[in-house]
Amino acid sequence: MLSLDELAQRVREEQVETVILAFSDHYGRLLGKRFAAEYFGAEVAQRGSHACNYLLTTDMEMEPVPGYRFANWERGYGDFHLVPDLNTLRLASWLEKSALVLADVEDEETHQPVSVAPRSILRRQLAAAGDLGYSVNAASELEYYLYRDSYQEAAAKGYARLQASGWYLEDYHLLQGTREEGFTAAARRHLARSGIPVESSKGEWGLGQHEINIRYADLLTMADRHSIMKQCLKEIADAQGASLTFMAKPYAGQAGSSCHIHLSLFTGGSNAFAGERAMGPVAGSDVFRWFLGGWLARLPELTVFYAPTVNSYKRYEDGSWAPTRIAWSYDNRTAGFRVVGRGESLRIECRVPGADCNPYLAYAAALASGLDGIRNQIEPPEMFSGDSYAAGHLPRVPHTLEQATDNFVNSEFAAASFGAPVVEHYGHFFRSESESFRTAVTDWERARYFEQI
């Protein structure tokens with residue numbers, strides 16, 4: 001991590017020449033600009049910069065999508081203001097002579113936070129937690145698939161028949177992991193040198209699937225680390241002539257890639273979840289119980305923030321390590337919510353989000369749900385024991401993006417938590433994503449119908 005003075009010193013010593021100013025779009029991708037380091041220090045650090053507001057209305061191909069109230073052709077697609085959060089200024093160790101800083105997105109005229117910007121949405125929920133006297137700690141466990149094909153080669157192949165970096169299941173398998181150390185060791189090293197402390201890495205349950213775990217932090221810092229980690233890993237892979245994907249389900253028959261999120265509330269420096277009330281093998285506080293109850297109760301209404309793409313829902317298969325049922329248990333990986341730790345380490349792990357989630361939106365959804373549980377003292381259901389995949393009586397995670405979007409746009413809770421303009425904006429975003437898929441002709445359709453129909 002860098003202060004402005006430290007950045008200036010590195011600029012004078014010609015260690016840093018470029019500063020990247022970045023912000024999150026709806027998909028969780030980092031967008032932004034590169035500045036000459038001297039100019040950033042003299043101008044941008046104090047005054048910020050600008051970007052076209054169409055960037056919060058585009059599809060994945062960067063085409064402006066009509067129908068948004070926030071920005072459109074009629075309003076001329078003006079600018080919004082990018083305000084560097086200097087607490088996030090750091091070396092981008094994996095890039096040559098570069099630093100990176102994340103920005104908050106503000107209205108160009110009022111300089112108020114743009115309500116539909118992902119980081120603004122999370123900041124609003126953190127303020128709500130602060131009003132109740134809580135700080136929040138969290139961690140993301142991100143999984144991905146690594147391929148020996150470059151991104152350009154993968155695109156030329158239509159992303160079919162790619163060569164996975166491993167050729168048999170490598171969950172905790174050290175030999176397979178060794179074969180990927182050329183990438184994984186570089187990732188661990190550059191993350192650590194860029195202000196993102198790493199705990200461990202390990203093989204996962206797919207061919208070429210891996211996971212790097214980074215140190216937990218306060219909620220906003222963790223969301224920032226999550227975003228930067230994804231950018232870092234993609235760019236390291238690109239530099240090595242390889243590719244990786246955070247798709248939730250890149251190929252049928254393979255394990256999906258998840259983003260298990262761990263969360264706990266703190267007050268006065270102590271874990272507010274810790275307590276003496278027994279819930280099966282768990283002893284926790286009323287705050288813990290109500291937060292868990294709210295998170296479970298509101299999951300169907302906010303699933304789009306955990307599973308934001310059409311592909312996200314291909315991951316929810318019974319017996320696949322991805323949850324299909326909305327239930328909680330203690331240290332049980334079949335349940336959507338897995339409670340782990342004890343006392344000061346007690347936390348809730350939600351296993352519903354995929355690796356394709358936008359961390360700012362996923363964490364905002366989790367926090368809004370849990371705080372609602374505290375305010376309304378929502379009791380969780382009884383702890384589930386056993387194989388939740390076989391428990392037909394338990395409520396299911398929504399099946400499709402369309403179903404989850406309907407739940408979201410019709411949710412009074414979502415409107416109250418995030419504001420009606422945010423719900424309208426993201427409802428349009430998710431429905432546009434669904435419509436893009438509905439009108440696409442897929443390889444599956446050609447393989448099935450080309451000759452036989």
Side-chain angles (χ1 to χ4, degrees), residues 122 125-126 128-141 199 213 215-223 258-303 305-306 323 325-353 362-388 391 393-395 397 413 417:
L122 180 55
Q125 295 308 315
L126 285 168
D131 290 342
L132 294 177
Y134 299 113
S135 61
V136 192
N137 283 345
S140 297
E141 294 182 1
E199 292 187 349
N213 289 325
R215 184 75 170 158
Y216 78 90
D218 68 90
L219 193 62
L220 183 61
T221 297
M222 178 50 63
S258 66
C259 172
H260 303 150
I261 60 178
H262 294 244
L263 194 147
S264 55
L265 298 186
F266 276 69
T267 182
S270 298
N271 188 343
F273 285 176
E276 302 301 324
R277 175 159 178 166
M279 299 169 64
V282 182
S285 65
D286 288 340
V287 169
F288 163 75
R289 189 172 85 253
W290 296 331
F291 192 98
L292 177 61
W295 203 349
L296 284 156
R298 297 303 186 183
L299 187 131
E301 296 164 79
L302 302 186
T303 299
F305 278 180
Y306 308 119
R325 307 289 175 174
I326 303 174
W328 77 275
S329 191
Y330 187 79
D331 197 17
N332 179 342
R333 287 179 168 84
T334 72
F337 290 79
R338 173 176 170 249
V339 174
V340 290
R342 298 181 187 277
E344 288 298 306
S345 69
L346 183 64
R347 60 198 184 277
I348 303 168
E349 176 192 58
C350 181
R351 300 175 63 82
V352 174
Y363 279 129
L367 188 52
S369 301
L371 294 179
D372 182 63
I374 293 171
R375 293 188 192 98
N376 294 292
Q377 299 185 6
I378 297 175
E379 295 288 343
E382 290 294 317
M383 187 189 78
F384 178 81
S385 296
D387 179 5
S388 72
H393 65 285
L394 293 175
V397 176
F413 166 71
S417 297

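Checking side-chain atoms of S329 against main-chain N and O of S385 turns up no donor-acceptor pair under 3.5 Å. A donor-acceptor pair under 3.5 Å is absent between the side-chain atoms of E382 and the main chain of G280, judged by distance alone. No donor-acceptor pair closer than 3.5 Å links the side chain of S345 to the backbone N or O of G341. Of the possible donor and acceptor atoms, one in the side chain of N271 sits under 3.5 Å from a partner among the backbone N and O of L346. The main-chain N or O of A366 is found under 3.5 Å from a side-chain atom of Y306 such that the two form a donor-acceptor pair. T334 contributes a side-chain N or O that, together with a main-chain N or O of S388, makes up a donor-acceptor pair within less than 3.5 Å.
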Can you list, pair by pair, the side-chain donor-acceptor contacts under 3.5 Å of residues 367-374, counting residues two or more places apart and other chains?
unit_1, atom_1, unit_2, atom_2, d
S369, OG, A365, O, 2.8
D372, OD1, N376, ND2, 2.8
D372, OD2, R298, NE, 3.0
D372, OD2, R298, NH2, 3.3

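We find that E349 and R351 are joined by a salt bridge, their nearest charged nitrogen and carboxylate oxygen being less than 4.0 Å apart.
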Check your understanding: Should L126 and L220 be marked as a side chain to side chain contact (heavy atoms under 4.5 Å, CB included) after you check the CA-CA gap, both sets of side-chain angles, and the distance that decides it?
Key -> CA-CA 8 Å; L126 285 168; L220 183 61; 3.8 Å; yes
Review point. Where do S264 and Y216 land on the side chain to side chain donor-acceptor pair (under 3.5 Å) test, with the steps shown first?
Key: CA-CA 11 Å; S264 55; Y216 78 90; over 6 Å; no
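Put simply, the side chain of S140 reaches to within 4.5 Å of the side chain of Y363, judged on heavy atoms.
Remark: R277 pairs with no residue by the side chain to side chain donor-acceptor pair (under 3.5 Å) rule, at least two apart or across chains. Applying the side chain to side chain donor-acceptor pair (under 3.5 Å) rule to E344 yields no partners; only residues at least two apart in sequence or on another chain are considered. Residues forming a side chain to side chain donor-acceptor pair (under 3.5 Å) with R325 (at least two apart in sequence, or on another chain): none. With sequence neighbours left out, D387 forms a side chain to side chain donor-acceptor pair (under 3.5 Å) with no residue at all.
Here the closest heavy-atom approach between residue A364 and residue L122 is recorded as N-CD1, 3.7 Å.
For residues 280-303, the set of pairs meeting the ring-ring contact (aromatic ring centres under 6.0 Å, His included) definition, not counting sequence neighbours, comprises F273-F288, F273-F291, F291-W295, W295-F337.
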